[in-house]
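Structure record follows, encoded as structure tokens.
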Amino acid sequence: MLENSGVVWVSAAQVRELGLQNALVPHLERLRQEVEQVYVHLDLDVLDPTEAHANSYLAPEGLTVAEVKKAIEAVKAKFSIAAGCLASFEPDCDTDNRALNAALELLAALI
């Protein structure tokens, strides 16, 4: 169903293999032809567990905080952000406050 939905999914492996510019930006350029504003859903389980342990659903080899910030910057370069959301933060999993700090850094980049 997802494959037929028109939703574009860019994996962390694609970002690392192709670079953010090649993995994400062409999709943003196509979307920009259709819309001027976007909603950004920032789900913290995209982060690599070595960067921050934001919740119990983290997958290995996720994105770094720097990579997510670059993705946000790429979105902001093409669109007006109409709304955004920060999701999937479980404070009990964040024993060293790295996830909290990552969340605040990414939210700051978003706004």
Side-chain angles (χ1 to χ4, degrees):
M1 287 176 59
L2 186 59
E3 288 178 3
N4 295 323
S5 71
V7 171
V8 175
W9 179 67
V10 177
S11 70
Q14 288 172 303
V15 169
R16 294 213 176 88
E17 180 181 328
L18 303 172
L20 186 72
Q21 186 69 24
N22 293 325
L24 179 63
V25 173
H27 301 294
L28 297 178
E29 289 173 353
R30 279 193 296 277
L31 182 60
R32 184 63 178 97
Q33 294 174 11
E34 298 178 32
V35 300
E36 294 179 7
Q37 294 182 322
V38 294
Y39 166 84
V40 176
H41 180 90
L42 182 56
D43 201 324
L44 292 179
D45 59 15
V46 72
L47 294 174
D48 190 275
T50 62
E51 286 275 303
H53 198 113
N55 59 52
S56 54
Y57 301 104
L58 293 175
E61 300 179 14
L63 295 173
T64 66
V65 173
E67 289 168 332
V68 176
K69 280 180 70 173
K70 286 181 184 176
I72 291 169
E73 290 166 5
V75 170
K76 287 175 71 173
K78 301 264 181 216
F79 303 96
S80 170
I81 296 177
C85 171
L86 176 75
S88 302
F89 177 63
E90 295 176 33
D92 290 344
C93 293
D94 185 24
T95 59
D96 56 7
N97 286 332
R98 288 191 306 159
L100 174 61
N101 291 331
L104 293 172
E105 186 175 343
L106 294 172
L107 283 172
L110 190 61
I111 57 172

_To the closest 0.5 Å, what do you measure between CG (Leu47) and CG (Leu42)?_
7.5 Å
_Let's go through Val15 and Val10 carefully: what are the C-alpha distance in whole Å and the side-chain angles of both, what is the deciding distance for side-chain contact (heavy atoms from CB on, under 4.5 Å) to 0.1 Å, and is it a yes or a no?_
CA-CA 7 Å; Val15 169; Val10 177; 3.9 Å; yes
*For Lys78, what residues pass the salt bridge (charged side-chain N to carboxylate O under 4.0 Å, His left out) criterion, not counting sequence neighbours?*
Glu29
*Return the minimal non-hydrogen interatomic distance between Val46 and Val68, and the atom names on each side.*
CG1-CG2, 4.0 Å
*Check the hydrophobic clustering (I, L, V, M, F, W, Y; side-chain heavy atoms under 4.5 Å; chains of links allowed) and say if Leu18 and Leu20 are grouped together.*
no
*Within the distance-only criterion (no hydrogens, no angle test), does the side chain of Asp48 pair as donor or acceptor with the backbone N or O of Glu61 below 3.5 angstrom?*
yes
*So, does Glu51 use its side chain to make a donor-acceptor pair with the main chain of Val65 at under 3.5 Å?*
yes
*Identify the two heavy atoms, one from Leu58 and one from Ala52, that lie closest to each other, and give their separation to 0.1 Å.*
CD1-O, 3.3 Å
*NZ of Lys70: more than 12 outside heavy atoms within 6.0 angstrom?*
no
*Is it true that Leu24 and Val8 fall in one hydrophobic cluster, defined by side-chain heavy atoms closer than 4.5 Å?*
yes
*Indicate yes or no for a side-chain donor-acceptor contact from Arg16 to the backbone of Gly19 under 3.5 Å, with no hydrogens or angles considered.*
no
*Going through the distances and angles, do Ile111 and Leu107 end up as a side-chain contact (heavy atoms from CB on, under 4.5 Å)?*
CA-CA 6 Å; Ile111 57 172; Leu107 283 172; 5.9 Å; no
*With hydrophobic residues grouped by side-chain heavy-atom distances under 4.5 Å, do Leu63 and Tyr57 end up in a single group?*
no
Pairs under 3.5 angstrom only: tabulate donor-acceptor contacts from the side chains of residues 79-93 to other protein residues two or more places apart or in another chain.
| from | atom 1 | to | atom 2 | distance (Å) |
| --- | --- | --- | --- | --- |
| Ser88 | OG | Asp43 | OD1 | 2.6 |
| Glu90 | OE2 | Ser56 | N | 3.3 |
| Glu90 | OE2 | Ser56 | OG | 3.2 |

*asked:* If I compare all heavy atoms of Ile72 with all of Ala109, which pair ends up nearest, and what's the gap?
replied: CG2-O, 3.6 Å
_Test item: Asp94 side-chain N/O and Arg98 main-chain N/O as donor-acceptor pair under 3.5 Å_ = yes
*Do the side chains of Val38 and Leu31 get nearer than 4.5 Å, heavy atoms only?*
yes
*Would you check if Thr95 and His53 make a side-chain contact, meaning some heavy-atom pair closer than 4.5 Å?*
no
_Looking at every heavy atom in both Ala54 and Ala99, which two are closest together, and how far apart are they?_
CA-CB, 3.6 Å
*Taking C-beta and beyond as the side chain, do Leu28 and Val75 meet within less than 4.5 Å on heavy atoms?*
yes
